Amino acid sequence: MTSTFNTLEFAPPRTIGSFHPPRRILMGPGPSEIHPRVLAASSAPSMGYLDPVFVGMMDEIKQLIRYAYQTRNQLSFPLSGPGSVGMESSFVNMVEPGDRVVVMRNGVFGGRMVENVERAGGEAIVVDDPWGSPCDPEKLRDALRANSGVTTVAFVHAETSTGTLSDAQAISAIAHEHGALVICDAVTSLAGVPLLVDAWGIDAVYSGSQKCLSCVPGLSPVSYSDAVIDRVRQRKDRARVQSWFMDLNLVLEYWGETARTYHHTAPINSLFALHESLVMLQEEGLERSWARHRLHHEAFKAGIEAMGLEFLVAPQHRLPQMNAVKVPESFAPGVEAQLRKRLLADYSMEIGAGLGPLAGRIWRFGLMGWSCSRANVMSCLGALTCELPEYGMPVKMGAAEQAALDVYNRAASASPSI
Ligand SMILES: *Cc1c(COP(=O)(O)O)cnc(C)c1O
């Protein structure tokens, strides 16, 4: 009898072998580079998701997430999925059919929030601000006066598509004055800029592992207040959460405080990695992490401006970890994409493009987590100095590096410990 294996269809080409990724400098909107300690943690032997040793580590992750978010919320844990799962989980659990939800939109991710509200059967009341400007708390006040019965207010703290920071504290305070719960997207903000979940009264917050936490992609640390849990518990019989996977009533059976029963197979090795990245955040300290992002942004900004390039966002609303820089007007359409391709091919450096109305108009330089370093700032400024003249923009050799170096030297003499 001949083996059937040779006769099966869809055989892949014999040329396919093991995959060896090139080493990249990741300076886009995420993922960021992963620290060797985090990579090493993820390569440890796997184990069962109900193993008592693993469960002990889960409890540590929850404590570390509470620190990162600065919250006492018991329900602080990583969802199995990227930041988009954190977003979707917040909306499917907190929005019931017919609910009125104010979404503040000033970029791509606010737009996705609107989609989430509508798919959950809610009515989205959209408060728009221009891309590159922060969400305006006064417009929220007006929207809540004009619309009664709003149950939830949602906004993006750090809009990655434009590099803009919004005032999470002011927005949350206004939402609470009107009795609404707050959903805050902190995917890019967590660990990069100050975020005080309890002090600012944020009810539901989600992030992603691959931005300023510099962990492997695919996990979404979330934190939900008791008010959120009450809301989700109350809807159990009335209007079941339409997503089985994301229904917090069920997820709690694995990640909650008491029972530990099977819900889905946790991404064990990714959780090893998250534990290590959160331990590293604790070692560095949140405030020092914020200060490091600020310092390298200042140096990068000095270099960018010394080259004659300009930022999209006004200085007081800029994200240090996400730098949106205008493509020079002299660039013909398509030329900015050539520069990005050149940086990838010749410098192994990834930077981000503009999205939506900003496509072709900005570059996005990420300085997130482990990618946020002096080495990367200097490499990037050096690469731009070498390449911009190729595309018709004259740049003085060394000017950008000198400007960045001045920032570093000033910072070192002011505070030698950073
Ligand atoms: C990256 C990002 C997301 C989505 O996260 P994924 O991990 O890509 O699913 C959501 N919101 C913001 C602000 C982001 O930057």
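Keep in mind that this is a model prediction, so the values were computed, not measured. Values below: every heavy atom of this structure, side chains too, minus hydrogens, waters and symmetry copies. Both ligands and their constituent atoms are indexed starting at 1 by order of listing.
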Would you please name every residue forming a salt bridge (charged side-chain N to carboxylate O under 4.0 Å, His left out) with D142, sequence neighbours left out? none
Looking at residues at least two apart in the chain, or sitting in another chain, which of them share a salt bridge (charged side-chain N to carboxylate O under 4.0 Å, His left out) with E253?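 Scan of E253 (salt bridge (charged side-chain N to carboxylate O under 4.0 Å, His left out), adjacent residues dropped) gives none.
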Do [X] and [Y] come within less than 4.5 Å of each other through their side chains, counting heavy atoms only?
| X | Y | result |
| --- | --- | --- |
| S214 | I34 | no |
| T162 | M322 | no |
| Y408 | H296 | yes |

Do the side-chain N and O atoms of Y224 and S90 include a donor-acceptor pair separated by under 3.5 angstrom?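 Note: Y224 and S90 side chains meet the donor-acceptor criterion.
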Where's the contact between P217 and ligand 1, heavy-atom distance under 4.0 Å: side chain, backbone, both or neither? neither
Proximity of V156 to ligand 1 by residue part, where a heavy atom lies under 4.0 Å: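 Near ligand 1, V156 shows its side chain, while the N, CA, C and O stay back.
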Run the numbers for me: atoms of ligand 1, each under 4.0 Å from some heavy atom of [X], listed by number.
| X | answer |
| --- | --- |
| A158 | 13 (C) |
| T188 | 15 (O) |
| P82 | 6 (P), 7 (O), 9 (O) |

Nearest non-hydrogen protein atom, [atom]:
| atom | result |
| --- | --- |
| atom 15 (O) of ligand 1 | T160 OG1, 2.3 Å |
| atom 5 (O) of ligand 1 | G83 CA, 3.4 Å |
| atom 11 (N) of ligand 1 | D185 OD2, 2.7 Å |
| atom 2 (C) of ligand 1 | K211 NZ, 2.7 Å |
| atom 9 (O) of ligand 1 | S84 OG, 2.5 Å |
| atom 8 (O) of ligand 1 | Q210 NE2, 3.7 Å |
| atom 3 (C) of ligand 1 | F109 CE2, 3.4 Å |

How far apart are the closest heavy atoms of R72 and D198, and which atoms are they? N-OD2, 2.7 Å
Over 60° means perpendicular and under 30° means parallel, so tell me whether F331 and Y391 are parallel, tilted or perpendicular.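 The arrangement is tilted - the two ring planes meet at 30° to 60°.
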Ring-plane angle category for H297 and F311, please: parallel below 30°, perpendicular beyond 60°, tilted otherwise. perpendicular
Answer yes or no for M322: is there a heavy-atom contact with ligand 1 below 4.0 Å? no
